[in-house]
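Everything on this sheet refers to the single structure shown next.
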Amino acid sequence: MRSSLVLMIATLLTTAVAQQQNETQTQPQPTAQQKKQQQKQTQPQKPEEPAAKTTPPPPSPTEGKPGDDKKEEHYDMAEVPPVVTHHQISVNGKALKYSAAAGRLPIKRGDGKIEAEMFFVAYTLDGQEVSKRPLTFAFNGGPGSASIWLHMGALGPRRVVLDPEGFLPPAPYGVQDNPYTLLDKSDLVLVDAIGTGFSRAENTETAKKFWGVKGDINAFGEFIRMYITRYERWSSPLFLLGESYGTTRSAGIAGDLSQQGISFNGITLLSTVLNFQTLQDEKTNDEPYIFLIPSYTMSAGYHHKLPPDLQQDVNKARQEAEQWASGDYARALAKGDALSPDERQKTIEQMSRFTGLSKEVIDQANLRINVPEFTHYLLIDQKLRVGRLDARYTGPDPNGLLDTPFYDPTEANILPPFNAAFNNYLRTELGYKVDMPYYLFVRDTGFEEKWDWGSGIEGFPDTAIALRRALVRNPFLKVLVMEGYYDLATPYYAANYTFDHLDLPAKYRGQISFATYAAGHMVYLPMDSLKKMKNDEAGFIDKSTSGQQ
């Protein structure tokens with residue numbers, strides 16, 4: 001199950017860097033006097049405890065000799081203050097002056113020893129009363145993915161330049177002002193999981209403590225506690241925004257911190273997976289096949305593979321697919337080998353109609369089409385693969401057409417521009433200059449085998465229960481679920497099923513709202529969807545801070 005679960009890593013540009021409207025003033029190596037002044041004037045530069053060193057960037061890891069055991073690789077855990085820079089952009093015709101702080105916060109043992117440091121970039125609007133200013137902690141998932149995608153694709157004041165539909169532009173890649181940044185509504189803290197970005201544990205053995213459902217939740221929960229303590233944000237309205245496995249993490253954080261007296265005003269779940277039983281297909285678990293059907297219908301419609309009567313109104317076709325999947329299809333799968341030949345043939349015909357796949361492929365797959373099979377066969381007549389994270393993307397498989405490993409064209413479209421543009425942005429605009437590589441994904445060999453999914457006797461990983469706990473403990477907590485119709489990694493219909501089975505009274509069900517997008521896993525890649533996402537999130541923040549149930 002673990003190797004299949006790792007496939008859920010999400011989480012997951014014109015040619016020149018666009019300039020800020022006003023000149024950005026960077027301070028890569030401030031003097032002691034400047035630091036003292038910054039601590040008085042800039043809110044993100046007020047740590048409760050004095051930093052151990054005065055040089056802003058952390059040093060590179062200590063490298064062992066060739067052939068040394070990985071356990072001998074140690075990282076410097078000395079604390080250094082964040083690098084603070086000052087900027088201005090225009091959003092809706094209004095100038096926004098803000099400060100950016102890039103640095104690492106320590107994760108400590110009970111005895112005070114630092115075990116890990118988590119990298120973050122915080123954006124705070126200048127001149128605001130922090131007790132009334134919302135604060136959003138945001139992160140991607142994987143597990144094992146950095147938060148570069150939300151940072152540079154959706155939330156931050158600067159955005160990677162892409163094609164308007166979110167497709168790959170020619171190199172070189174750059175960034176531009178983000179007209180739909182969330183900064184006008186909320187301060188932002190983008191956080192990288194340990195082992196990604198510049199977040200590191202002291203060594204590989206210690207990293208294992210944080211590489212698991214519970215350890216990961218604990219690390220992020222402690223980061224949040226540490227941040228609101230050092231930067232005096234205990235009185236701010238608090239929000240979480242997680243994508244993909246980041247939604248799993250968000251639910252767990254909310255449940256845990258609610259028992260520690262830390263409550264959130266709102267939680268946004270983008271491309272949701274809380275209960276992995278809805279995603280992980282097994283011989284005795286047919287749920288994922290059922291919940292994928294409507295997303296297959298939308299994807300087939302996008303590529304004009306549906307029959308004419310369904311193709312003329314794809315949204316209506318999607319609704320019909322939902323009814324069929326939860327009705328006749330679910331009943332057919334439930335019969336298993338007891339399904340009669342006539343029932344089997346009828347199911348094959350209907351499934352072909354709603355997925356655009358041939359009857360032969362469906363028959364050979366025993367009525368159960370997983371994502372690699374769907375992405376391989378939908379456009380096989382054109383010798384193209386369809387994207388898993390975003391079924392709008394297509395491309396030839398680099399390894400050929402048949403008998404090849406799984407390939408997702410989405411990755412080929414997003415990795416180069418995000419990686420290149422962010423590394424340049426980090427050094428030139430945010431002034432954070434280190435030799436340490438920024439890891440988009442955990443580089444540790446065998447990471448998928450080291451991730452602790454929890455006790456097998458408890459079944460599939462599930463943090464839906466933790467979210468329910470947070471909801472019923474706080475009648476003012478709101479949840480916004482964002483779903484992309486072309487997302488095959490975390491299908492929207494699976495998320496809907498999870499929320500329909502939280503066993504919540506009607507009063508608490510009203511705390512959950514939904515937003516859907518004609519996009520994939522990363523709904524913010526197309527510019528139109530990013531605009532909608534911003535409007536949806538801005539309205540959600542207003543609703544969640546109004547004090548109404």
> Y517 and Y486: ring pair (Phe, Tyr, Trp, His ring centres under 6.0 Å), yes or no, with the steps?
Replying inline: CA-CA 9 Å; Y517 303 85; Y486 303 119; over 10 Å; no
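- At distances below 3.5 Å, at least one donor-acceptor pair connects side-chain atoms of S299 with backbone N or O atoms of S295.
- The backbone N or O of P143 sits nowhere less than 3.5 Å from a side-chain atom of R249 that would complete a donor-acceptor pair.
- Side-chain atoms of T181 come within 3.5 Å of backbone N or O of G156 as a donor-acceptor pair.
- A distance-only check finds no donor-acceptor pair linking the side chain of S186 to the backbone of L183 [under 3.5 Å].
- For the pair R159 and V175, the minimum side-chain heavy-atom distance is 4.5 Å or more.
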>> What verdict does the side-chain contact (heavy atoms from CB on, under 4.5 Å) test give for L279 and T490, after you've listed the backbone C-alpha separation in whole Å, the side-chain angles of each residue and the deciding distance to 0.1 Å?
In response: CA-CA 7 Å; L279 295 190; T490 56; 4.2 Å; yes
>> One pair to check against salt bridge (charged side-chain N to carboxylate O under 4.0 Å, His left out): D528 and K532. What are the steps and the verdict?
In response: CA-CA 6 Å; D528 287 346; K532 182 178 186 302; over 6 Å; no
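- Using a 4.0 Å cut-off between charged side-chain N and carboxylate O, R158 and E429 make a salt bridge.
- For D487, there are no salt bridge (charged side-chain N to carboxylate O under 4.0 Å, His left out) partners, not counting sequence neighbours.
- At distances below 3.5 Å, at least one donor-acceptor pair connects side-chain atoms of H303 with backbone N or O atoms of A391.
- Between G387 and P409 the shortest heavy-atom distance is CA-CD, 3.7 Å.
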> Given the rule in the salt bridge (charged side-chain N to carboxylate O under 4.0 Å, His left out) test, do K383 and D397 qualify, once you have shown the distances and angles that lead to the verdict?
Replying inline: CA-CA 8 Å; K383 299 182 179 180; D397 192 316; over 6 Å; no
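- The aromatic ring centroids of F514 and Y492 lie 6.0 Å or more from each other.
- From N535, atom CG reaches atom NZ of K185 across 10.5 Å, with rounding to the nearest 0.5 Å.
- No side-chain heavy atom of L384 sits under 4.5 Å from any side-chain heavy atom of L378.
- Looking at T355, its side chain does come within 3.5 Å of a backbone N or O of L357 through a donor-acceptor pair.
- Looking at Y425, Y123, Y98 one by one, the single match for ring pair (Phe, Tyr, Trp, His ring centres under 6.0 Å) with H87 turns out to be Y98.
- In this structure the side chain of F210 never reaches within 4.5 angstrom of the side chain of N218, judged on heavy atoms.
- Side-chain N or O atoms of R443 include none that pairs as donor or acceptor with a backbone N or O of L440 at under 3.5 Å.
- Considering only heavy atoms from C-beta on, K543 comes within 4.5 Å of K478 through its side chain.
- The line from CG of L188 to OG1 of T136 is 6.0 Å long, rounded to the nearest 0.5 Å.
- Between D216 and K209 there is no salt bridge, since no side-chain nitrogen of the basic residue lies less than 4.0 Å from a carboxylate oxygen of the acidic one.
- The distance from atom OG of S147 to atom CZ of F137, rounded to the nearest 0.5 Å, is 12.5 Å.
- Checked by atom type, the side-chain pair T375/R388 shows no donor-acceptor distance below 3.5 Å.
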> After noting the C-alpha distance and the side-chain angles of T410 and N413, does the key distance pass the side-chain hydrogen bond (donor to acceptor under 3.5 Å, both in side chains) rule?
Replying inline: CA-CA 5 Å; T410 314; N413 277 264; over 6 Å; no
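- The pair R104-D192 does not meet the salt-bridge criterion, since no charged nitrogen lies less than 4.0 angstrom from a carboxylate oxygen.
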>> Run E483 and S271 through side-chain hydrogen bond (donor to acceptor under 3.5 Å, both in side chains) and show every step you take.
In response: CA-CA 5 Å; E483 305 173 324; S271 302; over 6 Å; no
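- Comment: K534 engages D184 in a salt bridge, judged by a side-chain N to carboxylate O separation of less than 4.0 angstrom.
- Aromatic ring centroids of W149 and Y524 lie 6.0 Å or more apart.
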> Between N315 and M298, is a side-chain contact (heavy atoms from CB on, under 4.5 Å) present by the stated rule, with each step listed?
Replying inline: CA-CA 8 Å; N315 282 315; M298 290 297 292; 3.9 Å; yes
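- Atoms CD and CD, from Q277 and E287 in turn, are 4.5 Å apart once rounded to the nearest 0.5 Å.
- Annotation: cation-pi pair R200/Y439 present, NZ/CZ under 6.0 Å from the ring centroid and within 45° of its normal.
- A donor-acceptor pair under 3.5 Å is formed between the side chain of R392 and the backbone N or O of E165.
- At least one donor-acceptor pair under 3.5 Å links the side chain of T247 to the backbone N or O of V273.
- For the pairing with F374, the ring pair (Phe, Tyr, Trp, His ring centres under 6.0 Å) check across Y296, F354, F406 returns one residue only, Y296.
- Separation of the F220 and F139 ring centroids falls under the 6.0 Å cut-off.
- Ring geometry for F119 versus Y432: interplanar angle of 30 to 60°, hence tilted.
- Exactly one of T516, V314, V523 qualifies for a side chain to side chain contact (heavy atoms under 4.5 Å, CB included) with Y485. That residue is T516.
- With rounding to the nearest 0.5 Å, the separation of OG in S544 from CG in L238 is 12.0 Å.
- For L430 against V83, the heavy-atom pair with the smallest separation is O-CG1, 3.4 Å.
- Side-chain contact between L135 and F239 is absent, with no heavy-atom pair separated by less than 4.5 Å.
- Looking at heavy atoms from C-beta onward, L480 lies out of side-chain contact with L269 at the 4.5 angstrom threshold.
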> Does the pair I148 and N140 meet the rule for a side-chain contact (heavy atoms from CB on, under 4.5 Å), with working shown?
Replying inline: CA-CA 8 Å; I148 183 176; N140 284 90; 5.9 Å; no
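- Considering only heavy atoms from C-beta on, L270 stays 4.5 Å or farther from E537 through its side chain.
- Counting heavy atoms from C-beta outward, N419 and L415 have side chains that stay 4.5 Å or more apart.
- When every heavy atom of H521 is checked against every heavy atom of A489, the shortest pair comes out as ND1-CB, 3.9 Å.
- Ring-centre distance between Y438 and F422: below the 6.0 Å cut-off.
- At least one donor-acceptor pair under 3.5 Å links the side chain of Q311 to the backbone N or O of G301.
- Here the OG1-CG distance, from T297 to L310, works out to 7.5 Å after rounding to the nearest 0.5 Å.
- For an aromatic pair to be called close, the ring centres must be under 6.0 Å apart, and F418 with Y173 fails this.
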>> Please evaluate residues I290 and Y497 with respect to the criterion side-chain contact (heavy atoms from CB on, under 4.5 Å), reporting the C-alpha separation (whole Å), side-chain torsions for both, the decisive distance (0.1 Å), and the verdict.
In response: CA-CA 11 Å; I290 296 168; Y497 179 89; over 6 Å; no
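- No more than 12 heavy atoms of other residues, nucleotides or ligands sit less than 6.0 Å from atom CG of N92.
- Residue A122 comes nearest to Y227 through the heavy atom pair CB-OH, 3.4 Å, listed as atom of the first residue, atom of the second, then distance.
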